[in-house]
Amino acid sequence: MANKIRQVKGMPPVLPESTPNWQYVESKFRHLLQSSGYAEIRMPLLEHTELFKRSIGEVTDIVEKEMYTFDDLNGKSLTLRPEGTAGCVRTAIDNGLLHNQKQRLWYAGPMFRHENTQAGRYRQFHQIGVEAFGFADTDIELEHLVLVSRLWKELGLANMTLELNTLGTSEERLQYKKILVDYFQQQQDLLDEDSIRRLGSNPLRILDSKNPQMAELIGNAPVLLDHLGEESTGKFNRLLALLDKLQIAYTVNTRLVRGLDYYCHTVYEWTTNELGAQSAVCAGGRFDGLVEQLGGRAGTAVGFAMGIERLIMLLEKQNSLPEPERPDIYLVMLGDQAQETGFVIAETLRDAIANIRVIINCGGGNMKAQIKRADKSGAELALFLGEDEVNSGQISIKYLREEGKQIKIDQQKLVEFIRKHISQRTG
RNA sequence: UUGACCAUAGCUCAAUAGGUAGAGCCUCAUAUUGUGAAUAUGGAAAAUGCCGGUUCGAUUCCGGUUGGUCAACCCA
């Protein structure tokens with residue numbers, strides 16, 4: 001045997017045993033969104049590198065060192081998308097979706113970041129994202145938060161924490177940045193190495209530091225919320241009041257700044273403490289400047305993204321994933337004649353009963369082997385067609401999961417029998 | 001990018017203070033040539049991730065590499 005080729009680091013497959021979990025989460029999400037007026041958009045996985053540099057920010061970790069960037073055969077630099085927002089905005093602008101229009105959009109798919117792997121972190125990971133364009137008021141943020149909160153409820157997910165903050169307008173933030181830099185510069189000897197580096201590039205991120213030795217310094221730092229104008233704080237307070245009204249619990253975290261450059265006003269994270277070092281399951285906020293920055297007409301934008309791997313890991317931990325569906329029927333056939341009849345019967349059942357799950361024995365095998373496979377498949381019933389049944393126009397039915405004698409009925413009556421059996425089980 | 005631990009049948013794990021590997025599960029067959037979780041018997045399944053070094057000899061020691069797990073950083 002030739003040497004095995006291993007998977008690319010951090011790019012695990014979703015194996016058959018877990019695809020039902022993915023389908024479950026995705027379909028919950030899809031139904032919820034579609035019933036709230038959101039339409040799916042599918043973007044390419046590759047974009048011009050420039051797009052991410054311009055939208056995410058040149059000095060962010062993502063752009064500086066985490067992108068899968070390579071030259072196309074014609075020399076153009078392309079990048080595998082590290083997140084969905086940039087591509088979504090670009091696609092929407094490109095196709096005229098944002099021209100004097102409101103849009104409620106969602107997407108799902110793989111994202112790529114060249115980071116070292118760890119629990120809940122992969123190089124190819126999957127996000128479900130939602131973006132709303134053309135909504136200036138905070139009611140759209142509320143809609144998103146309500147939506148996610150409902151998703152948690154429908155999935156039976158417990159212990160999610162919502163942390164909120166506001167970043168104000170870019171002017172307000174710029175002013176605050178100066179004040180913050182002043183503060184930290186005055187106490188530069190207390191800063192750790194990372195923070196000194198950030199002081200020049202991205203001072204807001206210092207507030208995010210997990211270094212316990214910095215906790216006091218950060219705790220005493222000036223708070224952005226105190227330096228915002230009336231309009232910005234008004235918007236934020238209005239959002240908090242509405243959340244109260246809807247009984248969605250939250251905590252205001254004035255140190256929450258998010259890693260991507262394009263955010264303004266509302267930012268938030270839904271977090272958990274059950275996923276090891278990774279806490280964010282869903283994060284988002286407002287990014288009004290981005291559309292114009294990417295060449296569209298100035299317009300507002302709000303959105304969020306959640307990590308599907310993390311969500312499923314959490315559901316697994318909380319034992320909230322549904323049992324996989326079992327087949328209804330495994331069809332056992334002995335002999336050529338029986339096989340012919342069997343396929344016809346299976347098709348008749350599929351025509352007559354919507355969503356029936358029938359497995360036909362393929363690959364031959366004697367009676368014993370076929371029944372073993374039937375058992376292993378998890379099917380409720382085994383149907384037998386042997387020489388006897390073929391000759392008499394009957395079919396044998398054996399219960400695999402419940403007490404009950406094996407019976408033999410006319411093939412004509414099979415549909416009716418199975419229909420009754422299935423409705424009993426589900427009803 | 002940095003650090004820690006790990007890598008033996010499809011799966012879960014043994015083993016040898018360096019002497020070319022065993023078990024359980026799974027699978028297949030037979031006992032039962034038309035009846036599934038039991039039992040018994042038998043079979044199949046591994047150049048010990050890969051490359052190199054030390055050695056008479058490496059699964060075992062060393063180096064590298066690839067992958068896994070976890071953490072820092074950062075993020076979904």
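Proteins get letters first, then strands, A, B, ... in listed order; numbering begins at 1 in each.
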Quiz item: What is the nucleic acid contact for A:Phe304, judged by heavy atoms within less than 4.0 Å: base, sugar-phosphate only, or nothing?
Solution: nothing
Quiz item: Among A:Arg90, A:Arg54, A:Lys53, whose salt bridge (Lys or Arg N to Asp or Glu O under 4.0 Å) with A:Glu47 holds?
Solution: A:Arg90
Quiz item: Rounding to the closest angstrom, what is the interatomic distance between B:rA31 and B:rC25 at atom C1'?
Solution: 22 Å
Practice problem: Could you measure between the two C1' atoms, the one in B:rA46 and the one in B:rG64, and give it in whole Å? | Solution: 24 Å
Quiz item: Would you call A:Glu143-A:Arg104 a salt bridge at under 4.0 Å N-O?
Solution: yes
Quiz item: Which whole-number value in Å describes the distance from A:Gln406 CD to B:rU35 P?
Solution: 10 Å
Quiz item: If the sugar-phosphate is the primed atoms plus P, OP1 and OP2 and the base is the rest, what is the B/S/- string for nucleotides 64-71 of chain B, using protein heavy atoms under 4.0 Å?
Solution: --BSS-BB
Quiz item: So, do A:Trp106 and A:Ile41 sit near enough that their side-chain heavy atoms are less than 4.5 Å apart?
Solution: no
Quiz item: Which residue lies toward the 5' end of RNA chain B, A:Ile371 or A:Ser279, if each is placed at its nearest nucleotide?
Solution: A:Ile371
Quiz prompt | Between B:rU54 and B:rU69 - P atom distance, rounded Å | solution = 35 Å
Quiz item: If we take the P atom in both B:rA4 and B:rU65, what is their distance in whole Å?
Solution: 13 Å
Quiz item: Of all the nucleotides listed (B:rA76, B:rA31, B:rA29), which has the minimum atom distance to the side chain of A:Ala283?
Solution: B:rA76
Exercise. Identify whether the glycosidic angle of B:rA21 places it syn (within 90° of 0) or anti.
Key: anti
Quiz item: If the C1' atom of B:rU66 is compared with that of B:rU32, how far apart are they to the nearest Å?
Solution: 50 Å
Quiz item: Nearest to the side chain of A:Ala369, which nucleotide is it out of B:rG36, B:rA29, B:rG34?
Solution: B:rA29
Self-check item: Audit row: A:Lys177, A:Asp182, salt bridge (Lys or Arg N to Asp or Glu O under 4.0 Å) steps and yes/no
Solution: CA-CA 8 Å; A:Lys177 241 185 221 178; A:Asp182 276 353; over 6 Å; no
Self-check item: C1' atoms of B:rU59 and B:rA17, separation to the nearest Å
Solution: 16 Å
Quiz item: Mind checking whether A:Phe304 and A:Tyr268 have parallel, tilted or perpendicular rings, split at 30° and 60°?
Solution: tilted
Self-check item: Parallel, tilted or perpendicular, as decided by the 30° and 60° cut-offs, for the rings of A:Phe112 and A:Tyr68
Solution: perpendicular
Practice problem: Answer with base, sugar-phosphate or nothing: what part of the nucleic acid does A:Arg373 contact at a heavy-atom distance below 4.0 Å? | Solution: nothing
Quiz item: Taking atom P in both B:rC5 and B:rG43, what distance in whole Å separates the two?
Solution: 43 Å
Quiz item: What integer distance in Å separates A:His114:NE2 from B:rU2:P?
Solution: 11 Å
Quiz item: Can the positive tip of A:Lys102 be found less than 6.0 Å from the middle of the six-membered ring of A:Phe133, inside 45° of the ring normal?
Solution: no
Quiz item: Is there side-chain contact between A:Asn159 and A:Asn273, with at least one heavy-atom pair below 4.5 Å?
Solution: no
Exercise. Answer yes or no: side-chain N or O of A:Glu389 and base N or O of B:rG34 forming a donor-acceptor pair under 3.5 Å.
Key: yes
Self-check item: Where the chi angle of B:rA47 falls, syn if within 90° of 0 and anti if not
Solution: syn
Quiz item: What is the distance, rounded to the nearest whole Å, between atom NZ of A:Lys368 and atom P of B:rU32?
Solution: 10 Å
Practice problem: Rounded to the nearest angstrom, tell me the gap between atom NZ in A:Lys372 and atom C1' in B:rC28. | Solution: 8 Å
Quiz item: Would you say the side-chain atoms of A:Arg310 pair up with the backbone N or O of A:Gly120, donor to acceptor, closer than 3.5 Å?
Solution: yes
Exercise. Map every base of RNA chain B to its dot-bracket character, where paired means a Watson-Crick or G-U wobble contact with both distances under 3.5 Å and | marks a partner outside the strand.
Key: (((((((..((((.....[..)))).(((((.......))))).....(((((..]....))))))))))))....
Quiz item: Do the side chains of A:Tyr107 and A:Met43 get nearer than 4.5 Å, heavy atoms only?
Solution: yes
Quiz item: For A:Glu403 and B:rA37, what is the distance between atoms CD and C1' respectively, to the nearest whole Å?
Solution: 13 Å
Exercise. Describe the nucleic acid contact of A:Glu66 in one word from base, sugar-phosphate, nothing, applying a heavy-atom distance below 4.0 Å.
Key: sugar-phosphate
Quiz item: Do the side-chain N or O atoms of A:Lys376 get closer than 4.0 angstrom to the phosphate oxygens (OP1, OP2) of B:rG36?
Solution: no
Quiz prompt | Length of the line joining A:Leu334:CG and B:rG36:C1', which is rounded to integer Å | solution = 14 Å
Quiz item: How close or far is atom C1' of B:rA76 from atom CE of A:Met111, stated in whole angstroms?
Solution: 9 Å
Quiz item: To the nearest angstrom, how far is A:Lys4 atom NZ from B:rA46 atom P?
Solution: 10 Å
Quiz item: C1' atom, B:rA47 versus B:rA9: distance in rounded Å?
Solution: 13 Å
Quiz item: Has A:Phe384 got its ring stacked on B:rG34, by the test of a centre gap below 5.5 Å and a plane angle below 30°?
Solution: no
Quiz item: Ignoring hydrogens and geometry, is there a side-chain-to-backbone donor-acceptor pair from A:Asp328 to A:Arg357 under 3.5 Å?
Solution: yes
